[in-house]
Amino acid sequence: MIDLKYLQKNFDEASTKLLKKGVDTQTLETLKELFSTLKEANAEFEEAKAEQNKMSKLFGTYMREKKDVGELKVQIDAKKEQLVGLQSTARQAEEALQNVALAMPNFPDESVPNGADEDDNIELRKVLEPRSFDFEPKEHWALAEINGWIDFERGVKLAKSRFAVLRGDAARMERALINFFLDVNRKRGFEEVCVPFINNAKMLQGTGQLPKFEDDLFKVEGEDLYLIPTAEVPLTNLYNDEILTTKELPILLTGYTPCFRKEAGSAGRDTRGMIRQHQFDKVEMVAIVEPSKSEEIFEMMVENASDILTQLGLPHRVVELCGGDLGFSAASTIDLEVWLPGQDKYREISSISNTRDFQARRAKIRYKDGKKNVLVHTLNGSALAVGRTLVAIMENYQNEDGSITIPEVLKKYM
RNA sequence: CGGGAGAUGUCAGAGUGGUCGAAUGUGCCGGUCUUGAAAACCGGUGAGGGUAAUACCUCCGGGAGUUCGAAUCUCCCUCUCCCGGCCA
């Protein structure tokens, strides 16, 4: 959630910032008004409540002194009646504010480039030269068929479209990649955790998936629970509603989880192959840090993910997202895109974001800075998306006969 | 899923209608003492909102109710623990 006090005091600056992310000033104006309405309503309610509290205390005194309370009771009753109205006004104001505030995306950082969509993203650098083929490189689904690695039909049979089954060496490689990623992250100082793959609504709200993106989530019927769309949710919310000490920070976490997404808005996109599935494996990094450290940790996380790709010998590029392409919670994001020779394209394989205090405010994650409680900064990033890495290995390590060479670093894992 | 017990501050644990945001112990921070540390002693120490700062408001798992007044009484929900069933 954005800082409403900041919005109120620096409205013009705030609207300039959010314009970058495609939020119109009208919505912001509404939010600002709802905020001041709430403050007024609260003030009025609290004042009346204070009077009532005072009278109730007096009532007790009268009782003890055996004075007549008839007159006082009449006054209290009148005040109570007034309070009912004031309270419901205040509650309505609160609710109205929450509805808008929770749907408001994060401010982008100053440094985030302007732009409407991914075409305006900025390539920062390329890492590793794509290899040249002396034959026509195949796409991964063709290779999957030759090697019997991916059973798309039976995945659909078991669940529905956008589900697949990995078989044989592909299944083993999936597992090998997870282990490899976790090991690398652990060596960087991330604590490995294994978390529930189903989280409650409060947690999903904490990281920003709810209430706005409910349609993208698989919900457990009849329960206040959702399948996680990313490990960012459980890892970040591990510290939901907690006050940490400076000694505990920074907290660096890594974990493997499957991720579940409805892909509601992407009908028809990447229907072929394993790029866009309803369920996929991912190893995630999450950092919970003091605000002054978030820049530095962010760089480290990008470096770490890029390094994993390099170790795997996978050519990739580092891309800075423009304002229009930033996710809801992100203040800044760097994507890593891996080269897919079969598709002749770079495709996203990791996304690393700094959400600043946006998620911290929603999830109430603070730390004690001397006497004061201060919101932490939270960061998250994939290291890496496992299924897409498998795809990248297939396409980059394919041989003319369709066979696939195992990357050197994975050999000890398989 | 059935039977029983419970949910209070970092933790432990009092509190059964007002003067309780809450005893006491513990932890933590600061100080005295000490060559240093420990011990002992003294002081401070929950969260959110509000304010220039005070006032003031809210919070004793969550919600509704009774009452002039609720941590305390009633109802519902959730969760935890113990016993039984089922089960990886």
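Quick caveat, the model's predicted, so the values are computed rather than measured.
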Check the interface with nucleotides 17-20 of chain B: list each N/O to N/O pair with the protein under 3.5 Å, or write none.
{"unit_1": "B/G18", "atom_1": "N2", "unit_2": "A/S56", "atom_2": "O", "d": "2.8"}

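- Spacing between B/A23 and B/C33 at atom P, rounded to whole Å, works out to 31 Å.
- A/K138 has no carboxylate O lying under 4.0 Å from a charged side-chain N of A/E145, or vice versa, which leaves the two without a salt bridge.
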* Asked: How far apart are the C-alpha atoms of A/T89 and A/Q92, what are their side-chain angles, what is the distance that settles it, and do they pass the side chain to side chain donor-acceptor pair (under 3.5 Å) test?
  -> CA-CA 5 Å; A/T89 305; A/Q92 278 166 30; 5.8 Å; no

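- Distance, A/E95 CD to B/G63 P: 14 Å, rounded to whole Å.
- Taking the nucleotide of RNA chain B with the nearest heavy atom to each of A/M55 and A/K5, the more 5' of the two is matched to A/K5.
- A/L4 places its CG atom 15 Å from the C1' atom of B/G50, with the value rounded to the nearest Å.
- Atom pair A/E223:CD and B/U78:C1' shows a separation of 12 Å (rounding to whole Å applied).
- The partner of B/G43 is B/C29, by the rule that a Watson-Crick or G-U pair needs both atom distances under 3.5 Å.
- With a cut-off of 3.5 Å on both pairing distances, B/A88 has no Watson-Crick or G-U wobble partner at all.
- Both distances falling under 3.5 Å, in either a Watson-Crick or a G-U wobble arrangement, place B/C79 opposite B/G6.
- Rounded to the nearest Å, the gap between the C1' atom of B/G50 and that of B/G69 is 24 Å.
- When the side-chain nitrogen and oxygen atoms of A/K368 are compared with OP1 and OP2 of B/A47, one or more of them lie within a distance under 4.0 Å.
- Look at the P atom in both B/G61 and B/A70: the space between them is 15 Å, to the nearest Å.
- Protein atom CE of A/M1 is 14 Å distant from nucleotide atom P of B/G48, rounded to whole Å.
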If you restrict it to nitrogen or oxygen atoms, what contacts under 3.5 Å exist between nucleotides 57-60 of chain B and the protein, and what is each distance?
{"unit_1": "B/C57", "atom_1": "OP1", "unit_2": "A/N53", "atom_2": "ND2", "d": "2.9"}

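- Side-chain N or O atoms of A/K20 include one that pairs as donor or acceptor with a backbone N or O of A/E110 at under 3.5 Å.
- OP1 and OP2 of B/C68 both lie 4.0 Å or more from every side-chain N or O belonging to A/Q52.
- Under the salt bridge (charged side-chain N to carboxylate O under 4.0 Å, His left out) criterion, A/E51 pairs with A/K79, sequence neighbours left out.
- Across all strands, A/I243 comes closer than 4.0 Å only to sugar-phosphate atoms, never to a base (heavy-atom distances).
- A/E263 is linked by a salt bridge (charged side-chain N to carboxylate O under 4.0 Å, His left out) to A/R276, counting only residues two or more places apart in sequence or in another chain.
- With rounding to whole Å, A/N373 atom CG is found 8 Å from B/A47 atom C1'.
- Side chain of A/R366, nearest nucleotide from B/A47, B/G44, B/G69: B/A47.
- For the ring pair (Phe, Tyr, Trp, His ring centres under 6.0 Å) condition, the pairs that include at least one residue of residues 202-236 of chain A, sequence neighbours left out, are A/F213-A/F328, A/F218-A/H278.
- Nearest-nucleotide assignment on RNA chain B puts the 5′-proximal partner with A/K247, out of A/R91 and A/K247.
- Taking atom P on both B/A71 and B/C20, the two are 12 Å apart, rounded to the nearest angstrom.
- Whole-Å rounding puts the A/N42 CG to B/U51 P distance at 11 Å.
- In this structure B/U51 sits in no base pair that meets the Watson-Crick or G-U test at under 3.5 Å.
- Of all nucleotides present, none satisfies the Watson-Crick or G-U wobble test against B/U35 with each distance under 3.5 Å.
- A/T245 and A/E248 are linked by a side-chain donor-acceptor pair at a separation below 3.5 angstrom, with hydrogens and angles left out of the test.
- Judged as a salt bridge (charged side-chain N to carboxylate O under 4.0 Å, His left out), and not counting sequence neighbours, A/D117 has no contacts.
- Pairing partner, B/G69: none, since no Watson-Crick or wobble contact has both distances short of 3.5 Å.
- Remark: the separation of the P atoms in B/G62 and B/C83 is 29 Å, to the nearest Å.
- Summarising the geometry, the separation between CG on A/N240 and P on B/A47 is reported as 17 Å, rounded to the nearest angstrom.
- Salt-bridge annotation for A/K157 and A/D151: absent, with no side-chain N of the basic residue lying under 4.0 Å from a carboxylate O of the acidic one.
- Crowding of A/E29 atom CD: a count of heavy atoms from other residues, nucleotides or ligands under 6.0 Å exceeding 12.
- Look at the P atom in both B/A47 and B/A55: the space between them is 16 Å, to the nearest Å.
- With hydrogens and angles ignored, the 3.5 Å screen pairs a side-chain donor or acceptor of A/S36 with a backbone N or O of A/E33.
- As rounded to whole Å, 14 Å separates atom P of B/C79 from atom NZ of A/K202.
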